[in-house]
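Inspection log for the structure reproduced underneath, given as structure tokens.
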4 protein chains.
Amino acid sequence: MLNGTELKLFADANVLNAMTDKQVKILLAAIEVFAEKGYANASTKEIATKAGVSEGNIFSKFKNKRGLLNAIIEPVINSIFPAVLTEFKTDQLPLQFVTLHAFVDSLVRDRIQFLKDNAAVLKIFVSEVLYNETVRKELLTKFPPLYWHNINKNLNQLKDNHLIVNWENLEILKIIWSVVGGVIIGYLLFNQPLEQREITHIIDALVKSLAR
Amino acid sequence: MLNGTELKLFADANVLNAMTDKQVKILLAAIEVFAEKGYANASTKEIATKAGVSEGNIFSKFKNKRGLLNAIIEPVINSIFPAVLTEFKTDQLPLQFVTLHAFVDSLVRDRIQFLKDNAAVLKIFVSEVLYNETVRKELLTKFPPLYWHNINKNLNQLKDNHLIVNWENLEILKIIWSVVGGVIIGYLLFNQPLEQREITHIIDALVKSLAR
Amino acid sequence: MLNGTELKLFADANVLNAMTDKQVKILLAAIEVFAEKGYANASTKEIATKAGVSEGNIFSKFKNKRGLLNAIIEPVINSIFPAVLTEFKTDQLPLQFVTLHAFVDSLVRDRIQFLKDNAAVLKIFVSEVLYNETVRKELLTKFPPLYWHNINKNLNQLKDNHLIVNWENLEILKIIWSVVGGVIIGYLLFNQPLEQREITHIIDALVKSLAR
Amino acid sequence: MLNGTELKLFADANVLNAMTDKQVKILLAAIEVFAEKGYANASTKEIATKAGVSEGNIFSKFKNKRGLLNAIIEPVINSIFPAVLTEFKTDQLPLQFVTLHAFVDSLVRDRIQFLKDNAAVLKIFVSEVLYNETVRKELLTKFPPLYWHNINKNLNQLKDNHLIVNWENLEILKIIWSVVGGVIIGYLLFNQPLEQREITHIIDALVKSLAR
DNA sequence: GATGAATGAGAGTTCATTCAT
DNA sequence: CATGAATGAACTCTCATTCAT
């Protein structure tokens with residue numbers, strides 16, 4: 001399931017710097033095994049074998065099995081909200097998106113790319129969120145107010161310009177997130193391909209559905 | 001997480017008939033525990049305790065812990081495609097939906113009701129599908145050709161009447177299913193409420209996105 | 001493995017009289033299952049099913065699983081020493097065997113017939129004796145002094161007449177019993193056939209080996 | 001029941017090399033417990049306790065309770081046919097036994113010694129063969145053609161020299177094996193002592209019974 | 001009596017974790 | 001540090017036995 005780009009997530013999060021070669025090997029092996037069998041059904045022995053490392057090694061590097069999972073999940077939590085909308089000191093900046101299409105496109109396209117780049121890790125993440133209240137709460141903790149602020153600003157401006165339906169902003173976002181969520185599930189569960197043409201379709205559909 | 005309507009699914013599937021009171025208690029307790037902790041982390045002992053029953057009892061009716069899971073999942077697989085579109089001997093009948101809105105509404109609304117009625121069971125089902133190739137394949141096996149046939153017929157007629165975009169039928173369905181899938185995930189992961197107003201919004205948005 | 005004559009053992013032991021039809025059915029089913037899988041691996045459920053009887057029935061008829069085994073083994077213990085040598089009030093009677101051949105023949109032939117008639121039961125008995133001190137001791141308890149007395153008398157007379165080797169009587173008997181034991185094991189383990197011709201061979205060989 | 005020489009069988013089979021001290025202890029404890037209670041009635045917990053080892057340890061080397069049994073039985077299967085008759089490249093060699101007595105003596109004496117050296121293991125083996133078709137078949141698989149070839153050659157030469165009865169070779173062997181089998185059973189079931197004097201008697205008797 | 005659902009002790013087995021080497 | 005043998009708690013599952021019906 002690993003496609004070679006998984007590590008990017010960890011590189012971006014600057015977690016690789018602090019890791020030895022062995023730690024990285026263990027991390028990658030764990031991603032592979034967790035994604036294939038699920039966390040609970042993966043044995044540290046199998047991970048160690050796949051990483052070409054002794055079992056004890058896992059525990060000196062990651063404290064315990066849960067620590068290994070956390071090392072995988074943490075970067076996801078920190079990257080799940082797109083940087084594109086969180087990196088501005090917004091008030092001083094001009095609004096970013098002047099058309100609905102540009103807005104939706106920027107919200108959807110890079111998240112779908114993120115999905116494709118990190119499918120295995122996201123699969124692990126999704127099933128963890130399903131059953132782990134703690135992770136769920138941490139996710140909300142990490143929810144960036146800046147993200148929310150920025151989005152609201154854009155949505156309000158689109159509304160002012162009569163470019164978008166006049167629903168509540170949260171309502172609008174739920175629609176968008178639902179579509180992205182649905183695409184993720186379709187991809188993870190049924191390996192539904194995500195060609196550029198289809199992504200464009202999805203974005204077009206969303207734009208149409210939200211246009212005034 | 002159980003909301004009292006879970007049993008309907010099993011009653012409809014006629015699986016309750018062959019069960020004693022205690023076995024029904026086991027089934028309900030299992031749904032609750034599986035949905036709370038996940039299948040792999042649920043112990044038969046906890047299920048038995050919650051059901052107020054001895055542990056051995058689980059195995060006399062359900063054979064396995066796995067058998068207990070199957071007893072929960074099977075009815076989902078058999079009910080996941082809406083009856084509304086599969087119960088006609090189609091060729092003799094007039095087409096059902098004359099407007100795009102009626103079509104989308106019928107596809108989406110009862111599936112979302114199904115979700116609300118069976119959230120715990122669906123959560124169990126979703127995480128099972130994530131990791132279980134067999135279940136995934138069984139799902140495809142149970143895919144009712146009649147469902148596909150009916151949908152195509154309706155879509156084609158909508159196209160003939162210029163009421164829907166001229167994309168491939170499969171493409172159109174993917175959009176609809178993605179939205180429904182996203183709603184399911186949002187509901188299961190974050191307990192996002194699903195008021196009638198929101199459901200109406202979702203349907204409206206979908207109709208707009210697919211209208212010619 | 002049952003060959004239809006198994007019941008003779010029980011009929012001879014007068015245990016069938018006191019049994020209901022169901023008890024007999026259970027007994028026969030138990031013999032079959034015990035002989036196939038061994039006592040420890042046989043489940044009362046399988047026995048009940050094979051007997052066409054409810055499981056609880058076994059326990060009202062035989063107290064417990066062990067009681068069922070005892071009901072099978074007891075008649076063997078009581079029949080394992082041949083009646084032919086134990087039923088005489090010997091002192092008043094003339095000695096029975098005037099030739100070595102007649103003596104050996106009478107000792108061996110009917111025991112081998114006994115084996116053939118009761119193979120399943122004997123198999124159960126043998127593995128029980130292997131591991132059960134109690135049964136082993138009971139066997140010695142039931143050892144009929146009359147049997148020993150009679151044999152000694154015959155052996156002594158054969159010695160007086162210079163018809164048999166001049167070993168100790170116990171030594172001679174061990175040889176005979178060893179051969180019979182070996183035949184039993186060969187039959188039980190490897191289904192070695194026991195035609196009349198072979199039985200004759202064995203007896204002839206024994207006679208030759210013991211002749212003066 | 002262990003007499004201290006049991007390990008020789010395993011040392012010869014080179015199975016001890018790959019074992020730690022604890023695993024050897026497990027093997028010995030298992031032999032003891034299996035021989036005392038039978039495989040099915042022996043619990044891994046008791047074996048572990050007797051070996052002074054944690055229960056889990058059994059499963060890391062032997063995989064299964066069954067694997068533990070196999071580790072005990074396998075060397076028996078491979079040693080049950082005497083090396084003395086299988087180690088020659090026969091065709092180039094002169095025949096081995098020129099008298100019937102030498103032939104019988106070589107067949108019987110070392111097998112009885114083998115029995116005395118490995119009584120516990122053989123007891124386990126015998127009861128396994130009683131109920132396990134697979135082991136029975138494996139035994140036949142391991143039957144060394146060289147053994148059979150060698151024996152036939154010797155028997156034929158003895159016949160040519162008029163030193164043995166003119167029965168079929170298989171028939172002759174059955175007699176010998178029966179006696180050995182009977183001795184084994186007597187020893188295992190009733191702890192009948194096997195002094196050299198008695199072994200000599202048995203061999204003498206066999207020789208007499210087979211002499212022309 | 002007859003039934004078989006229910007029981008629960010105890011079985012074999014797994015596996016994260018420790019720690020002597 | 002690195003190893004993997006050893007641990008033992010916790011797991012799933014079996015089955016003789018009981019007992020309400």
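Chain A is the first sequence line, chain B the second, and so forth, proteins listed ahead of strands; every chain is numbered from 1. Treat the numbers as computed from the prediction; the structure is a model and nothing was measured.
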It should be established whether A:Asn57 places a side-chain nitrogen or oxygen under 4.0 Å from OP1 or OP2 of nucleotide F:dC1. no
In chain order, what residues pass the side-chain contact (heavy atoms from CB on, under 4.5 Å) check against A:Ala29, with sequence neighbours excluded? A:Ile47, A:Lys50, A:Ala51
If you assign each of B:Gly52 and C:Lys61 to its closest nucleotide in DNA chain E, which residue comes earlier from the 5' end? C:Lys61
Could you tell me whether the side chain of B:Asn118 and the main chain of B:Val121 form a donor-acceptor pair under 3.5 Å? no
Once side-chain contact (heavy atoms from CB on, under 4.5 Å) is applied, do any residues pair with A:Val126, and if so which ones, sequence neighbours excluded? A:Leu188, B:Leu130
Given D:Thr44, which of D:Asn57, D:Leu68, D:Ile58 fulfils the side chain to side chain contact (heavy atoms under 4.5 Å, CB included) condition? D:Ile58
Can you pull the salt bridge (charged side-chain N to carboxylate O under 4.0 Å, His left out) pairs that have at least one residue in residues 64-75 of chain C, sequence neighbours excluded? C:Arg66-C:Glu128, C:Glu74-C:Lys142
In this structure, how many angstroms lie between the C1' atom of F:dG4 and the CD atom of A:Glu46, rounded? 17 Å
Partner set under salt bridge (charged side-chain N to carboxylate O under 4.0 Å, His left out) for D:Lys63, not counting sequence neighbours: none
In whole angstroms, how far is the C1' atom of F:dG4 from the CE atom of D:Met19? 17 Å
Using a cut-off of 4.0 Å between protein heavy atoms and nucleotide atoms, how would you tag nucleotides 9-14 of chain F 5' to 3' with B, S and -? --SBBB
Which is true for C:Lys22 with a 4.0 Å heavy-atom rule: it touches a base, it touches only sugar-phosphate, or it touches nothing? sugar-phosphate
Just jot down the side-chain contact (heavy atoms from CB on, under 4.5 Å) partners of D:Asn41, sequence neighbours excluded, or say none. C:Ala40, D:Lys37
Residues forming a side-chain contact (heavy atoms from CB on, under 4.5 Å) with C:Thr20, sequence neighbours excluded: C:Lys22, C:Gln23, C:Lys61
Bracket string, DNA chain F, 5' to 3' - pairs by Watson-Crick or G-U geometry under 3.5 Å, | interstrand: .||||||||||||||||||||
Summary of ring-ring contact (aromatic ring centres under 6.0 Å, His included) pairs that have at least one residue in residues 43-70 of chain B, sequence neighbours excluded: none
First and last nucleotide of DNA chain E in contact with chain D, 5' to 3', at under 4.0 Å to a heavy atom: what are they? E:dA11 to E:dT14
Using the ring-ring contact (aromatic ring centres under 6.0 Å, His included) rule, collect all pairs that involve residues 15-56 of chain C, keeping only residues at least two apart or in two chains. C:Phe34-C:Tyr39
Those residues at least two apart in sequence (or on a different chain) that pass side chain to side chain donor-acceptor pair (under 3.5 Å) with A:Thr141 are none
